[in-house]
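Structure, as structure tokens:
We count ligands from 1, going down the list as the structure has it; atoms in each ligand are counted the same way. Bear in mind that the values here come from a model prediction, so they are computed numbers and not experimental data.
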Amino acid sequence: MKQSPDMKKLEEVLRSGRIVHGGFLGTDSRRLIEIIETDLAAVERLGLTCVSIAKRMLELTEAARPRYGAWMEMDDYLSVRCEDVKGSIVCPWPHAGRFVKRITTAHRRDLDQTISWTDLNIHMIAEHGFFEGKGSFFRLEPEQLAGIIFPASK
Ligand SMILES: [Zn+2]
């Protein structure tokens with residue numbers, strides 16, 4: 001896919017620290033379109049879709065929400081915790097969208113692996129296929145994320 005002028009402008013916003021400290025692309029020097037396409041290929045290799053991943057993330061966030069700050073055991077392997085970080089954040093894409101700053105952490109006790117995401121991550125994965133750039137604070141590696149949030153069989 002060719003980089004459109006809008007995509008270029010968006011990439012500038014993502015790379016800047018205007019919305020989040022350090023920006024959404026971290027130390028990733030690849031073009032935005034390349035980052036998105038590479039992650040999409042990884043998602044497809046996993047037999048998943050961005051929407052199904054985001055849906056599962058939201059399900060875990062919603063499950064942990066009533067017990068703010070406390071770990072909740074989802075099953076024999078997975079624990080989740082949801083924490084509120086005061087304030088809200090806008091989606092960097094050019095549309096109206098504001099999200100509460102909430103961080104969900106999922107911990108796989110059997111794998112001893114932990115991963116955290118924000119409500120904005122869920123939205124950006126579902127709507128924009130964007131897992132952030134490598135080196136950014138909330139970069140999510142599709143393989144690692146899927147390996148933690150989905151049961152071992154998936
Ligand atoms: Zn958006």
For E62, check side chain to side chain donor-acceptor pair (under 3.5 Å) against everything at least two apart and list the hits.
R65
When rounded to the nearest 0.5 angstrom, what distance separates CE in M57 from CD1 in I115?
7.5 Å
Co-members of W71 in a cluster of I, L, V, M, F, W and Y side chains, linked at under 4.5 Å:
none
Ring geometry between W93 and H128 (parallel below 30°, tilted from 30 to 60°, perpendicular above 60°):
parallel
Report for the Zn ion (ligand 1), protein N, O or S closer than 2.8 Å, by chain and number, lists C91 SG, H95 NE2, H123 NE2, H128 NE2
Side chains of P66 and M72, heavy atoms from C-beta outward: is any pair under 4.5 Å?
no
For residues 130-145, which residue pairs pass the side chain to side chain donor-acceptor pair (under 3.5 Å) check, not counting sequence neighbours?
D39-R139, N121-E132, E132-S136, K134-E141, R139-E141
